[in-house]
Student: 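Okay, here's the structure, questions in a sec.
Computed from heavy atoms alone, side chains included, the values below leave out hydrogens, waters and symmetry copies.
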There are 2 protein chains.
Amino acid sequence: MVQRATLTQVAQRAGVSIASASRALNGLVASPATVEKVRRAADDLGYVPDASARALKMGSTGQLTFAVDDIGNPVYVEMMTGVQEVVAAGGYRLQVTSTGATSGPHSVLDLIRNLRRGYADGLILSPLRVTPELLAELAATPVPVVVIGRLPQHAGVDTVMTDSALGVALAVEHLHAQGRRRIAFLNGPGDTTPGAARRRGFDEAVAAHPDVVASTHEAVDFTMSAGREAAHRLLDPTGRSTTAELAASPGTPDAVVAANDLLAIGALHAAHDLGLDVPGRLAVTGVDDTSLTEIVHPSLTSVSLASRRRGQLAAELLMRRLEDPARAPQVLSVPPLLQVRGSSTTTAGIR
Amino acid sequence: MVQRATLTQVAQRAGVSIASASRALNGLVASPATVEKVRRAADDLGYVPDASARALKMGSTGQLTFAVDDIGNPVYVEMMTGVQEVVAAGGYRLQVTSTGATSGPHSVLDLIRNLRRGYADGLILSPLRVTPELLAELAATPVPVVVIGRLPQHAGVDTVMTDSALGVALAVEHLHAQGRRRIAFLNGPGDTTPGAARRRGFDEAVAAHPDVVASTHEAVDFTMSAGREAAHRLLDPTGRSTTAELAASPGTPDAVVAANDLLAIGALHAAHDLGLDVPGRLAVTGVDDTSLTEIVHPSLTSVSLASRRRGQLAAELLMRRLEDPARAPQVLSVPPLLQVRGSSTTTAGIR
DNA sequence: ATGAAAGCGCTAACAT
DNA sequence: ATGTTAGCGCTTTCAT
């Protein structure tokens, strides 16, 4: 721990005015001699400009914020990677905030309110739920916000979205092509934006196939443990069937489409608990195509939503708006892509 | 997006001086009438104080930083949870930075240098490598730093450590008690602090057992893919043996002690690739006891290093130092604890 | 209880 | 090319 030097001290030591010192340090007009003197003085003193003073004067902090609901979900880590790449290239520093529960003391709303104090020059946000309060807060914020997700048309906010409904449909089509006909949908909370979209995608996809027997189930959140629990109820409603009974029963689904990878892995565990072979008796698919797909066995078929790419695009939108605050809000979209792995294909399941 | 109001505007609207407005808003001496007027004006204008101006005047930002090498490793997410709990309770806001590669453009060193600009009031750091440069930067920083990890004695920095050498020894003892005698150590880079400590723990533990045949191997980093690759070389040195040959060979280890969970899961995959049964033919243990231990099958025996608790303790140390910068540096330690699961016990492996 | 004014550290006119 | 000065928005003496 050490005392900080101010520009005044540097100027004094260099024997020049504070203005000259500032100019020399910032590469503006200054004689080589002055630059040399000032630079040496700054080095001697270990001078670094004060962020608060600079921000106050310049009206910007050089800092950007990325806010996610749950940094424990690898999909957000991947998004962050994409954001970080672009943000760093643009000369900004990135800070990450995990808002956790949407209503806690560190809710997204508090975060945006805090942003109005000027902690950062911009925000990238990937909200699970888009409430009227959130939209109001978004409209009232003095710093640019880019949302990764889906917003009402009139929101007038830069947005990067994807078609996760189509993504789920891709999974259903794939399973149908593999001969699966009793397909269960394992959703997260239906009142979330992704929950609603994926549910819609599932409903529409199975509606196109009259030969499919479909059912829908909701886990309490998008986590593995919630998925495991919900999948248990889904696969073994009475909670007391034997493996043989379950496997033989036409009531037991032959495929589970989960709304994200965490839920899908929960389903994988439930299937194992109940002795149902994956993919032999039961196929499982996820959404997000996170690194977890390769961690489990069999590896998990999953719909890629190009998280890293979405992060990059969001960061690019933000930087562009920072340059030109008046430009029209833009909505970008990336297509989903099914990644087939062992959990849904009997042939690929055996190596 | 919206314009920000300043205190001056609030004061004007309330018909009082800027000083009175400040006092009223901050709950200092002010008549009820003034408080009422000012509060109303502030509400009307949607006033929030400017963070930069406040920080410049007060000399502190109310912000703390938590820096980790790789936010993709769940152990850091867990640490962060602990940090966040304490930091929030203390009224500070937390920002997280993933420094990635130690030498990249966003290295820890840059981070600490940035901190000298006054972006945050304090830093919690969990470095993989403790270089002389890092120590120098630590000594020169004007804001308090707490390190989670191990530092040279003379560093004079608040530290939260654990005995990961003992942790690895715990794993070795457990495996020995289970009858394993050909134990391989799968380390990460040996030039890292945890790498060195865990290596030492392994060497000492096996030295106490003359009947153990030990070997040591290094992965290029602490990731799953590096672990898988290194485990392949470890289990199948020629790269062309059949499963039967490997299983029958006395040269093939009957246990792998990995230096963290990611490496251990890599080893699990390598074992599966090669057809070696876990835990039947090969036991595997990890370190960190992350959530990943429950994701894999068989579930992973792992040494808990109480990551969340260490995060809490680090945050408490930091807050205490913020209150009293003069207090003597403190070193806290938490003990390791072995969590036995399916990957190391033949009985527990069969459910 | 309230107002006037100084000043945190810095940058950017403006003048020389 | 360099120095003087105003001022970013806020808190806090110091008078009154």
Student: Nearest to the side chain of A:Lys57, which nucleotide is it out of D:dG7, C:dA1, D:dG9?
Tutor: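 Output: D:dG7.
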Student: Under a 4.0 Å threshold between the charged nitrogen and the carboxylate oxygen, would A:Arg113 count as salt-bridged to A:Asp110?
Tutor: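 Counted as a salt bridge, because a side-chain N and a carboxylate O are separated by less than 4.0 Å.
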Student: If you round to the nearest 0.5 Å, how far is CZ of B:Arg327 from CG of B:Asp158?
Tutor: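 If we round to the nearest 0.5 Å, B:Asp158:CG and B:Arg327:CZ are 6.0 Å apart.
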Student: Considering only side-chain heavy atoms of A:Thr34, which listed nucleotide, C:dT11, D:dT2, D:dC10, is closest?
Tutor: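 Closest nucleotide among those given: D:dT2.
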Student: Output the single nucleotide from D:dG9, C:dG9, C:dT11 whose closest atom is nearest the side chain of B:Thr6.
Tutor: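 Minimum distance to the B:Thr6 side chain belongs to D:dG9.
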Student: Looking at D:dG9, D:dT12, D:dT4, which one has an atom nearest to any side-chain atom of B:Ser22?
Tutor: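 So the nucleotide nearest the side chain must be D:dT12.
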Student: C:dT2 P sits how many Å from B:Asn26 CG, rounded?
Tutor: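 Computing the B:Asn26:CG to C:dT2:P distance gives 15 Å.
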Student: Of the options D:dT4, D:dT11, D:dC10, whose atoms approach the side-chain atoms of A:Ser17 most closely?
Tutor: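 That would be D:dT4.
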Student: Send over the distance from B:Arg54 CZ to D:dT11 P, rounded to a whole Å.
Tutor: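 Those two atoms, CZ and P, are 5 Å apart.
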Student: Can you tell me which nucleotide in D:dT2, D:dT11, C:dG9 comes closest to the side chain of B:Ile18?
Tutor: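 The answer is D:dT11, which lies nearest to the side chain.
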Student: Quick check for you: among C:dT11, D:dG3, D:dC14, whose closest atom lies nearest to any side-chain atom of A:Ala19?
Tutor: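 So the side chain of A:Ala19 is nearest to D:dG3.
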Student: Determine whether a donor-acceptor pair (one donor, one acceptor, N or O, separation below 3.5 Å) exists between the side chain of B:Arg23 and the base of C:dG3.
Tutor: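 Present.
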Student: Looking at the side chain of B:Leu56, which of C:dC8, D:dG3, D:dC10 is the nearest nucleotide?
Tutor: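 That would be C:dC8.
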